[in-house]
Number of protein chains: 2
Amino acid sequence: MKKKENRTAFVILGLLSHENLSGYQLKKQIDAGLKEFWSAGFGQLYPTLKELREKGLIEAVTEGGNKRGLTVFSITDAGRAALKEWLRKPVLQQTVKYDILLKLYFGAALKPEENLVKIDNFRKQAEMQMEKYAQYEQVLRSVLDDSDDHTYFLLTVLFGRKVTKATLEWAEESRQLLINLKKEKKEPER
Amino acid sequence: MKKKENRTAFVILGLLSHENLSGYQLKKQIDAGLKEFWSAGFGQLYPTLKELREKGLIEAVTEGGNKRGLTVFSITDAGRAALKEWLRKPVLQQTVKYDILLKLYFGAALKPEENLVKIDNFRKQAEMQMEKYAQYEQVLRSVLDDSDDHTYFLLTVLFGRKVTKATLEWAEESRQLLINLKKEKKEPER
DNA sequence: GTTTAATTATATCTTAATGATATATCATGA
DNA sequence: TCATGATATATCATTAAGATATAATTAAAC
């Protein structure tokens, strides 16, 4: 019944609602401002741009004439309407896939030590993430009053910060559980 | 260089390392025990089963003969080796996609009230999740000593619990930020 | 007891997303 | 000038998501 929605299309519409951009610039914007919770490759971007253009939701504002044949797109009124309609649709609960959890689920096939290494690597990555979020947050709070957009950008950063901090706590808790498992193996009957 | 890995193949190998299962039973197991951090559809499962069989990583233990032509698979020694090899590979940091954050990122296109509804729905879903995790945890802790597997299963549950609790805190923090945004609009100069 | 509905079971199809690669231009610097 | 890196568009194969088709078997309703 309800068909699959090309979310890349709405990322494009959303970014074009802020400013005119080319395919390559869109990719850069996504990798810069949305990369902590979204990604999109050229293989999805270019075909979707073509599709949006055919549907009249975006249009080319420069083409061929300028250097390198850069094609910059702008959003149309129909595009803005489509964007708002999508934004208003309720968000369904989604399964968030975690490779680390998939491997830990089958962790009993390895020695506890090997899984501890996994968790430790995960913790290190999370710690680096935390520093990034702290920087994002500092910058965004300093310009918070400049535009409503900044408040919404901040929401996404706060989400990442909270969740990442939670995963750090989990890493410590998990470490203890696996260390206990190791001890029990050495002394099966205490 | 490093090619894409079919993770569905390793989920299958992992589950078959616990017990023999058919395609349909695999789907049920995934939807039961892994659904909070993994999903797989028949469209991915059946072709992958065929592929794994051709590679000799799994084999059919019953076929045709019994009722309904149920085909139950078992993992081979080569399959166990492939599973361990994959489990030992380090987990790369991945972009976790959140539809809710994507929509909030472009939230300035809507009224704050509309975004507050989104956050509230998200909070409600998270609260229901928390109840599920509490149940999972209770069951797993009661059988923790029965098998090493249970400790690893518990790790994934604890992850979900921590992360979901963090999103609940975020929802409250975000609510306040958006309420402030609403107030500022009513009284632009305070 | 017979129709109906739900579950079991396998399979296929389309669309979306990922990841890799191809190609060419332009800018920078050694 | 030669190499390197960034810009820019495009395509391809594989993986994943989501929907649908089909049929048998079991459970429930009437």
Side-chain angles (χ1 to χ4, degrees), chain A residues 1-12 20-32 34-35 37-55 58 60-73 86 92-99 102, chain B residues 1-12 20-32 34-35 37-53 55 58 60 62-73 86 92-99 102:
Chain A
M1 284 302 157
K2 60 177 169 225
K3 61 173 173 236
K4 216 152 73 160
E5 66 186 12
N6 182 345
R7 294 168 303 172
T8 302
F10 296 106
V11 180
I12 292 172
N20 295 349
L21 296 163
S22 69
Y24 188 78
Q25 290 165 341
L26 279 161
K27 169 71 171 155
K28 282 213 300 185
Q29 290 268 319
I30 293 167
D31 290 347
L34 290 83
K35 74 154 175 297
F37 59 90
W38 207 259
S39 66
F42 289 122
Q44 196 64 17
L45 281 171
Y46 284 109
T48 304
L49 280 170
K50 199 180 161 189
E51 197 191 310
L52 288 172
R53 198 182 182 179
E54 282 162 6
K55 284 184 185 166
I58 64 172
V61 286
T62 67
E63 196 167 8
N66 67 338
K67 61 177 179 181
R68 264 185 264 191
L70 184 80
T71 308
V72 176
F73 296 95
W86 172 75
L92 300 175
Q93 200 166 12
Q94 53 181 173
T95 301
V96 179
K97 287 190 162 191
Y98 281 97
D99 285 58
L102 185 57
Chain B
M1 284 302 156
K2 60 174 173 230
K3 60 173 175 237
K4 218 153 73 161
E5 67 187 10
N6 181 346
R7 294 167 304 172
T8 302
F10 296 107
V11 180
I12 292 172
N20 295 347
L21 296 163
S22 70
Y24 187 78
Q25 289 166 340
L26 278 162
K27 170 71 171 155
K28 281 213 300 183
Q29 289 269 317
I30 293 167
D31 291 348
L34 290 82
K35 73 156 176 294
F37 59 90
W38 207 260
S39 66
F42 290 122
Q44 196 64 18
L45 281 171
Y46 284 107
T48 304
L49 279 170
K50 199 180 160 189
E51 196 192 310
L52 287 172
R53 197 180 182 181
K55 285 184 183 165
I58 64 172
T62 67
E63 195 168 8
N66 69 336
K67 61 179 179 179
R68 262 185 264 192
L70 184 79
T71 308
V72 176
F73 296 95
W86 172 74
L92 301 175
Q93 201 167 13
Q94 53 181 172
T95 302
V96 179
K97 288 189 161 191
Y98 281 97
D99 286 59
L102 185 58

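- The distance from atom CG of L21(A) to atom P of dT9(D) is 11 Å, rounded to the nearest whole Å.
- Closest approach of A60(B) and T71(B) over heavy atoms only: CB-CG2, 3.9 Å.
- Out of dT10(C), dA17(C), dT9(D), the shortest distance to the side chain of F42(B) is found at dT10(C).
- At whole-Å resolution of the value, CG in L102(B) and C1' in dA17(C) are 14 Å apart.
- Residue P47(B) is the one, among P47(B) and W38(A), whose nearest nucleotide of DNA chain C lies closer to the 5' end (criterion: closest heavy atom).
- Remark: P of dT14(D) and NZ of K50(B) are 15 Å apart, rounded to the nearest angstrom.
- Taking all atoms of both residues into account, the shortest heavy-atom contact from L21(A) to Q25(A) is CA-OE1, 3.4 Å.
- As a whole-Å value, the separation of Y46(B) OH from dA17(D) C1' is 17 Å.
- The residue S39(A) sits close only to the backbone: its heavy atoms come under 4.0 Å of sugar-phosphate atoms, none of a base.
- Here the shortest heavy-atom pairing between S39(B) and I30(B) reads CA-CG2, 4.2 Å.
- Across all strands, G23(A) comes closer than 4.0 Å only to sugar-phosphate atoms, never to a base (heavy-atom distances).
- DNA chain C is contacted by both A9(A) and S22(B); S22(B) maps to the nucleotide lying nearer its 5′ end (nearest heavy atom per residue).
- Of all nucleotides listed (dT15(D), dA6(D), dT11(D)), dT15(D) comes nearest to the side chain of N6(B).
- Here dC12(D) presents its P atom at 15 Å from CD of Q44(A), a figure rounded to the nearest Å.
- dA16(C) atom C1' lies 13 Å from atom NZ of K97(A), rounded to whole Å.
- In this structure, K27(A) forms a cation-pi arrangement with F42(A), its terminal cationic atom sitting closer than 6.0 Å to the ring centre and no more than 45° off the ring axis.
- Distance CD (E51(A)) to C1' (dT15(C)): 10 Å, rounded to an integer number of Å.
- The distance from the CZ atom of F10(B) to the CG atom of D99(A) is 11.0 Å, given to the nearest 0.5 Å.
- Taking every side-chain heavy atom of R7(A) into account, dA17(C) is the closest of dA17(C), dA16(D), dA8(D).
- Nucleic acid contact for T48(B): none, since no nucleic acid atom lies under 4.0 Å from a heavy atom of the residue.
- When rounded to the nearest whole Å, the span between CD of E5(A) and C1' of dA17(C) equals 14 Å.
- The base of dA17(D) lies close enough to the side chain of K4(A) for a donor and an acceptor atom to sit less than 3.5 Å apart.
- Side chain of K28(B), nearest nucleotide from dT8(C), dA9(C), dA8(D): dT8(C).
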